[in-house]
Chemist: 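Sharing a structure with you now.
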2 protein chains.
Amino acid sequence: MSLINKLNKAFDHRIRLGIMSVLVVNDHADFKELKELLDVTDGNLASHAKALEKENYIRVEKSFIGRKPNTKYIATDVGKLEFKKHIEALEKLIGG
Amino acid sequence: MSLINKLNKAFDHRIRLGIMSVLVVNDHADFKELKELLDVTDGNLASHAKALEKENYIRVEKSFIGRKPNTKYIATDVGKLEFKKHIEALEKLIGG
């Protein structure tokens with residue numbers, strides 16, 4: 001039984017923690033909102049969001065607002081559950 | 001002001017969180033103890049410990065116990081302080 005085996009490696013990076021933290025509290029956030037909240041570059045945000053999408057922890061909705069493309073991120077049920085488990089494991093590790 | 005800019009990238013990886021968590025609670029831990037507590041490979045433990053050592057967050061004492069070499073890890077004062085700040089930022093992010 002390891003101290004850290006309940007920590008999910010998909011959430012190791014602080015940008016991924018940040019994305020998930022925003023998306024469990026808000027129904028959705030678009031690319032620009034996430035970028036501003038986390039203060040990260042386009043490339044960093046895109047690559048970490050893509051990693052979470054691959055894990056099926058978030059999903060992406062692309063649409064147009066008027067003529068402007070809009071990318072909206074939403075946490076999936078699996079993502080919310082896995083993030084909750086990760087937070088619990090973190091709290092156990094650092095509180096313990 | 002970013003949601004994640006107080007998170008320290010040196011502590012992103014769960015193995016580093018694990019090493020620091022052990023070393024802030026215990027005065028020291030040797031390689032074998034850390035390896036067992038965290039359930040990681042020699043190579044993974046060595047590389048993440050080295051990264052923390054480079055940041056001056058932990059220090060290493062090498063000695064012999066009888067004829068057996070022993071590597072002991074100790075958190076530095078800077079390491080303890082930076083880890084505390086990281087934990088506070090994490091708690092703020094995930095609790096917030």
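Letters go in sequence order (proteins before strands), and every chain restarts at 1.
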Chemist: Check the hydrophobic clustering (I, L, V, M, F, W, Y; side-chain heavy atoms under 4.5 Å; chains of links allowed) and say if A:Phe11 and A:Val78 are grouped together.
Modeler: yes

Chemist: How about residues 13-24 of chain B versus chain A: which residues have heavy atoms under 4.5 Å apart?
Modeler: B:His13, B:Arg14, B:Ile15, B:Leu17, B:Gly18, B:Ser21, B:Val22

Chemist: Quick check for you: to the nearest 0.5 Å, what is the distance between A:Glu91 atom CD and B:Ile87 atom CD1?
Modeler: 10.5 Å

Chemist: Could you measure the distance from the CG atom of B:Leu38 to the CG atom of A:Leu93? Nearest 0.5 Å is fine.
Modeler: 8.5 Å

Chemist: If hydrophobic clusters are built by linking Ile, Leu, Val, Met, Phe, Trp and Tyr wherever their side-chain heavy atoms come under 4.5 Å apart, do B:Ile74 and B:Phe64 end up in the same one?
Modeler: no

Chemist: Find out if a path of hydrophobic residues (ILVMFWY) with successive side-chain heavy-atom gaps under 4.5 Å connects B:Leu45 to B:Val25.
Modeler: yes

Chemist: Is there a path of hydrophobic side-chain contacts, each under 4.5 Å between heavy atoms of I/L/V/M/F/W/Y residues, joining B:Ile65 to B:Val60?
Modeler: no

